[in-house]
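Report on the structure given below.
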Amino acid sequence: GCVPIGSDSGEIPHVIGPAGLVHKEADPKDLARCIRILDADRGELHRLGALGRERVSSHYTNRVIAEKYAHIFLEVAKCFCHRW
């Protein structure tokens, strides 16, 4: 239920998605802005917390990640089978 706040660096915004807030990298004032948003609006805090729980469950559990790897390995295996 914790709301992620991350910088706009690399893949961080993609990982956070719509379930958190993103601030400009190396910009403490923008980070403070994100914190103030959550402090001032408890409804938004709870909404994003719920989105975060759902996002983790649907994208980042061990089971989901294992299924994605299995899919990749099966696709690679199909490529090798077609060659022989």
Side-chain angles (χ1 to χ4, degrees):
C2 293
V3 178
I5 300 174
S7 75
D8 60 1
S9 175
E11 284 296 306
I12 294 170
H14 176 73
V15 171
I16 292 173
L21 301 174
V22 176
H23 66 87
K24 295 176 192 133
E25 183 177 15
D27 186 339
K29 288 182 181 180
D30 200 37
L31 172 58
R33 176 192 60 81
C34 292
I35 294 168
R36 282 193 299 272
I37 288 169
L38 297 176
D39 186 49
D41 188 346
R42 295 299 168 165
E44 183 70 351
L45 176 73
H46 294 297
R47 184 184 77 78
L48 290 174
L51 279 175
R53 280 189 299 277
E54 195 244 302
R55 185 162 177 81
V56 167
S57 295
S58 64
H59 289 83
Y60 301 111
T61 63
N62 289 339
R63 177 182 206 91
V64 170
I65 292 170
E67 288 171 356
K68 289 179 182 180
Y69 272 113
H71 177 75
I72 291 168
F73 291 141
L74 288 172
E75 291 301 311
V76 170
K78 286 179 191 176
C79 290
F80 281 108
C81 289
H82 289 299
R83 288 185 178 185
W84 291 313

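Small disclaimer: the values here were computed from a predicted structure and weren't measured.
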**Prompt:** How long is the span from the CD1 atom in Ile5 to the CD1 atom in Ile37, to the nearest 0.5 Å?
**Reply:** 8.5 Å
**Asked** Nearest 0.5 Å, what's the NE2-NE2 distance between His14 and His59?
**Response** 7.0 Å
**Message:** For Tyr60, I'd like to know if atom OH has over 12 heavy atoms of other residues, nucleotides or ligands within 6.0 Å.
**Reply:** yes
**Under 3.5 Å: donor-acceptor pair, side chain of Arg55, backbone of Pro18** = no
**Item:** side chain to side chain donor-acceptor pair (under 3.5 Å) partner of Glu44, chosen from Arg47, Arg42, His46
**Value:** Arg47
**Message:** Quick check on the hydrophobic clustering: are Ile72 and Val64 connected, directly or via other members, by side-chain heavy-atom contacts under 4.5 Å?
**Reply:** no
**Message:** Assigning hydrophobic clusters by single linkage (Ile, Leu, Val, Met, Phe, Trp, Tyr; side-chain heavy-atom cutoff under 4.5 Å), is Val56 placed with Leu51?
**Reply:** no
**Prompt:** If every non-hydrogen atom of Pro13 is compared with every non-hydrogen atom of Ser7, which pair is closest and at what distance?
**Reply:** CD-O, 3.7 Å
**Message:** Membership question, hydrophobic clusters at under 4.5 Å side-chain separation (ILVMFWY): are Ile12 and Leu21 in the same one?
**Reply:** no
**Asked** How about Glu75 and His71: do any of their side-chain heavy atoms sit closer than 4.5 Å?
**Response** yes
**Message:** Return the CG to NZ distance between Asp27 and Lys29, rounded to the nearest 0.5 Å.
**Reply:** 8.0 Å
**Request:** Enter the distance from Glu25:CD to Leu31:CG here, rounded to the nearest 0.5 Å.
**Result:** 12.0 Å
**Message:** Rounded at 0.5 Å granularity, tell me how far SG in Cys81 sits from CG in Leu74.
**Reply:** 10.0 Å
**Message:** Check this for me: does any side-chain nitrogen of one of Arg33 and Asp30 sit under 4.0 Å from a carboxylate oxygen of the other?
**Reply:** yes
**Pairwise distance NE2(His23) to OG(Ser9) - rounded to 0.5 angstrom** = 9.5 Å
**Fill in**
When every non-hydrogen atom of Arg53 is compared with those of Gly1, the smallest separation belongs to NH1-CA, 2.9 Å
